[in-house]
Amino acid sequence: MPGSSTPSSEALPAHVAVIMDGNGRWAKARGLSRSEGHRAGLEATRRAVRFFAEQGVGTLTLFAFSSENWARPRDEVEALFELFVSAIEAELPELVERGIALTFIGDRANFPQDLQTRMTDAEQTSAGNEHMHLVVALGYGGRWDILQAARRWVASGEEGPDPETTFSGYLSTAGLPDVDLLIRTGGECRISNFLLWQSAYAELLFIDPFWPDVSTVELQEGLAWYARRQRRFGRVIASGAGPEPGEVSSA
Ligand code: FPP
């Protein structure tokens, strides 16, 4: 990816979403277990949260466990749940210190009780923090989200003058801006049922490194890449009259 200068604040995405892929392959390449790959992935997650918070990104959403991940071997799923429990406990004080609000999206009903309790406690403890909103998607699927929103929307009978905006208010991401920049690591070029509605106009960046290998260098390059995009939102921009690359104003 050519170039990696620091973007100006106008060109900074308000909402970055990350599909943190490649923990398993990272581990396999080193003769380690998949769970060791996820532990290394947690280190990369820590780096990424600090980095985006320091850059001033307002919302960061991380895909940590999908609806489809339930189909993984039982021991891997259990190890992931244990990792989430210990990570929430270990990281919460620093998140609060940095002014970061932590929330979770997804269907948590079938999670172990101790994980559900930690998730709720963390949401309550960090509520009201305003420096950054960190959203962790656990048991999340984009289709699940649209379906649960549709059910509640229909039940409400609320159409409103702007149905798309009204409907967005029923998604698990209600109140958050749409995704501006979606990054997927690990070399695959698909969005795998992540924030389907919310990423309608996201800039999609697919990079090769496995998640545990992703450092602030790749993340900085990602922001610089985003800053060079010209976002048109379906409109035609007259040459010389349109927004500068990376500018997200709706003008
Ligand atoms: C995808 O890699 C990664 C996951 C399903 C788990 C993500 C979890 C973490 C990064 C750790 C902690 C995160 C938080 C927010 C507490 P994969 O297993 O699909 O890798 P592969 O494609 O190489 O098999």
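Counting starts at 1 for both ligands and their atoms, following the listed order.
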Inset, instruction - Please say whether Trp211 places an N or O atom under 3.5 Å from an N or O atom belonging to ligand 1. - result: no
Legend entry - Among His38, Glu68, Arg39, Glu76, closest by any non-hydrogen atom to atom 4 (C) of ligand 1: His38
Legend entry - Any N or O of Gly24 closer than 3.5 Å to N or O of ligand 1: yes
Inset, instruction - Report the part of Phe210 in contact with ligand 1, treating N, CA, C, O as backbone and CB onward as side chain, heavy atoms under 4.0 Å; options are side chain, backbone, both, neither. - result: neither
Inset, instruction - Considering only non-hydrogen protein atoms, determine which one is nearest to atom 13 (C) of ligand 1 and report residue, atom name and distance to 0.1 Å. - result: Thr45 OG1, 3.9 Å
Inset, instruction - Using the ring-ring contact (aromatic ring centres under 6.0 Å, His included) rule, collect all pairs that involve residues 96-121, keeping only residues at least two apart or in two chains. - result: Trp70-Phe111, Phe81-Phe111
Inset, instruction - For atom 7 (C) of ligand 1, state which one of Ala27, Ala40, Ala29, Ala64 supplies the nearest heavy atom. - result: Ala64
Legend entry - Glu43 with Arg47: basic N within carboxylate O range, under 4.0 Å: no
Legend entry - Side-chain hydrophobic cluster, 4.5 Å single linkage: members besides Leu32: Trp26, Phe210
Legend entry - ligand 1-proximal atoms of Glu188, by part, heavy-atom distance under 4.0 Å: neither
Inset, instruction - Please determine if Arg72 has a nitrogen or oxygen closer than 3.5 Å to a nitrogen or oxygen of ligand 1. - result: yes
Inset, instruction - For Asn69, counting its heavy atoms only, list the atoms of ligand 1 lying under 4.0 Å from any of them. - result: 5 (C)
Inset, instruction - Would you check the N or O atoms of Asp21, main chain and side chain alike, for any that come under 3.5 Å of an N or O of ligand 1? - result: yes
Inset, instruction - Ignoring hydrogens, just give me the one of Gly186, Gly22, Ser86 whose non-hydrogen atom is nearest atom 2 (O) of ligand 1. - result: Gly22
Legend entry - Proximal ligand 1 atoms for Phe84, defined as those under 4.0 Å from one of its heavy atoms: 16 (C)
